[in-house]
Number of protein chains: 2
Amino acid sequence: MNSPQNTLRERKKAQARAHVLETAHALFHRKSFDATTVESICREASISKRTFFRYFSDKESLVFGQREERLATFVEFLAEHERVENPFDALRTATRVFGARYNSKKKRLLAQQRVVLSSPALLARERAIDGDWERAIAQAFSSRSGHSPEDDLWARVLAGAIMGVVRSTVTYWFERKCEDDLTRLGLDALDYLERGFPQRAHARE
Amino acid sequence: MNSPQNTLRERKKAQARAHVLETAHALFHRKSFDATTVESICREASISKRTFFRYFSDKESLVFGQREERLATFVEFLAEHERVENPFDALRTATRVFGARYNSKKKRLLAQQRVVLSSPALLARERAIDGDWERAIAQAFSSRSGHSPEDDLWARVLAGAIMGVVRSTVTYWFERKCEDDLTRLGLDALDYLERGFPQRAHARE
DNA sequence: GTGGCAAGTGCCACCGAGTGGCACACAGAT
DNA sequence: ATCTGTGTGCCACTCGGTGGCACTTGCCAC
C-alpha cells in the first residue's frame, strides 16, 4: 500500500533518519541520554533542530522508535491466534515466537537497555508503553467473549497481570545479562498466572 | 523528631503550600493540567515561580504529592504483616484496609483521577509510581525467604503481577464511578493470582 | 530540457518547565 | 536593637518543543 522506498526522496529521507539515529546513539553511549542535548545531536548530524523534530516527535522516540511497530506486530499476532486458541495458549505461542526473536538480539537489546536505565524519563516512558500493550491485550481478550462488564473486568485484570509478569521477567533477564532463556522464563511466568502462584517455604524463624 | 508545626515560620509555610495546592487544583478543574501553566498558578496564588519550585519539585507533584507518603505507609504495613502471614494473606489484609480507606474517599479520588486522565504525562507518571510500589513489594517478599536468584525472580514476578492487577482493578473501579466495592474487586483479583485465572467460555463460533 | 508544484529544510522567534545565583525580608534568639 | 539563618523575589539562563515563513530540491508534465 505505502511505505515506498523507491523514489529518491524517500531513500534520502530514510538514510538521513538512520544517520541521525546512529549519531544519537553514539552520543548516548559516550555521555548519557539526559546529558546529550538535542542540539548537540543536530550539530553532530549536520541537521537543524527543526528538522530533527520533523523526523522524531520526541527526543525519547530516538530510543523507542521501533516499539510502536512491535506493538502492531504483536497485536496482529494475538488477534490471529486468539481466534483459534484459548488466551493462555495464544500467549504461550506468542512467548515462543517473541522470546526466540529477542533471544537472538541480545546485544542490541542490552545496549538499548543501558540507555533506558540511565534516564528516569525513559524508564517512565517504557512503562507508559507497557500500558499500550496492556490495553491491546485486554481488548483482544474482551472481544472474544461477550461484552458484559464482568468479562471486561476479567480481560483487563488478566492483561494487567500479563504485562506485570512480562515486564518483571524481562527486567530480570536484562539484569542477568540476557544469559537465561527468555522463552523459558516467560512460559514459567505464564504458568504462574494460569495455575496460580506457588507458595514459597516460610524461611523466617 | 521532626515535622514541627509549632513555629510561626513552619505554620506559614504549610499554609502557603496548601494555598498553592488549592488554587492549582481549582485551575486544573477549570482548564486542564496541560493547559495550566505554572506561571498562571503563581500569579493566582501570588507567589513567584522560583518559590513555587521550592515548594514542589515538579508541576506533576501538585497531583501526586501524597503518593510517596502513601507508599511509605503501605511498605510499613506490608513489612509488618509479611512477618507473620504468608504473602497472599498479608496482601488480603492490605486490600481490606486500603480498600476501605479508598472507598471512603471516593469523591476526592474521582476528582483527582479526572485530572490525571486529562494529561498523558500524568498517566505516565502514575505508572512510574506503580513501579516504586512494585519494587517495594518485591523486596518485602524477597527478603522473607532465601536470596537465591530463583526466589528473587519469583518475588519480582509476583510483585509485577500484583501491581498489574491492582492498577487494572482500580482503573476499572474509577471508570465505573467508584460504585463497586473496591475491597471486593481487589480480593477477587488476588484470588485470580493465587489460584490461577479461570477460563472464560469460548463464545466465538 | 524547462518550468511549475509540493515536499522537505533551515532559520528565527517563541513558549513552558525547571535551575542557579544573588539581594533582600523577616521570624527567632541574644 | 541586633544579629543570624531561613525563606522569598527577581533575573538570566538552559533545554525540549512549536509556529511561521522563506528557500531549496526532487518530481512530474509538457
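Below, read A as the first sequence line, B as the second, and so on, with proteins coming before strands; counting in each chain starts at 1.
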Quick check: any donor-acceptor pair below 3.5 Å linking the side-chain of B:R54 to the base of D:dG9?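 Side chain to base: pair present.
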
With no hydrogens and no angle check, do the side chains of B:S168 and A:E134 hold a donor and an acceptor under 3.5 Å apart?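 Short answer, no.
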
Between [X] and [N], does any side-chain N or O lie under 4.0 Å from OP1 or OP2?
{"X": "A:T7", "N": "D:dC27", "answer": "yes"}
{"X": "A:K49", "N": "D:dG16", "answer": "no"}
{"X": "A:Y55", "N": "C:dG8", "answer": "no"}
{"X": "A:K12", "N": "C:dG8", "answer": "no"}

Length of the line joining [X]:[atom1] and [N]:[atom2], which is rounded to integer Å:
{"X": "B:K59", "N": "D:dG16", "atom1": "NZ", "atom2": "P", "value": "18 Å"}
{"X": "A:D34", "N": "D:dT14", "atom1": "CG", "atom2": "P", "value": "18 Å"}
{"X": "B:R11", "N": "D:dT6", "atom1": "CZ", "atom2": "P", "value": "19 Å"}
{"X": "A:R43", "N": "C:dG10", "atom1": "CZ", "atom2": "P", "value": "15 Å"}
{"X": "A:I41", "N": "D:dC15", "atom1": "CD1", "atom2": "P", "value": "12 Å"}
{"X": "B:E60", "N": "C:dG16", "atom1": "CD", "atom2": "C1'", "value": "13 Å"}
{"X": "A:F56", "N": "C:dT9", "atom1": "CZ", "atom2": "P", "value": "12 Å"}
{"X": "A:Q15", "N": "C:dG8", "atom1": "CD", "atom2": "P", "value": "15 Å"}

Which residue, B:T51 or A:D58, contacts DNA chain D at a nucleotide closer to its 5' end, judged by nearest heavy atom?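 This one resolves to B:T51.
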
Select from B:K13 and A:F53 the residue whose nearest nucleotide in DNA chain D is closer to the 5' end of that strand.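 By nearest-heavy-atom nucleotide position, the 5'-most residue is B:K13.
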
Count the heavy atoms belonging to other residues, nucleotides or ligands that lie under 6.0 Å from CD of B:Q66, then report whether that count exceeds 12.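 Correct, the count exceeds 12.
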
Can you tell which of C:dA17, D:dG19, D:dG16 lies closest to the side chain of A:R50?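 Of C:dA17, D:dG19, D:dG16, D:dG19 is nearest to the side chain of A:R50.
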
At under 4.0 Å between heavy atoms, what does A:F52 touch on the DNA or RNA strands: base, sugar-phosphate, or nothing?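 Result for A:F52 = nothing.
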
Would you classify B:S40 as touching base, sugar-phosphate or nothing, given that sugar-phosphate means primed atoms plus P, OP1 and OP2, and contacts are heavy atoms under 4.0 Å?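 The residue B:S40 makes no contact with any strand.
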
Between A:F141 and A:W154, what is the ring plane arrangement, given parallel below 30°, perpendicular above 60°, and tilted in between?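 A:F141 vs A:W154 ring planes: tilted.
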
Would you call A:V38 and A:F56 a side-chain contact if the rule is heavy atoms closer than 4.5 Å?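 A side-chain contact under 4.5 Å is absent here.
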
For B:L110 against B:C178, the heavy-atom pair lying closest together: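 Heavy-atom minimum between the residues: CG-SG, 3.6 Å.
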
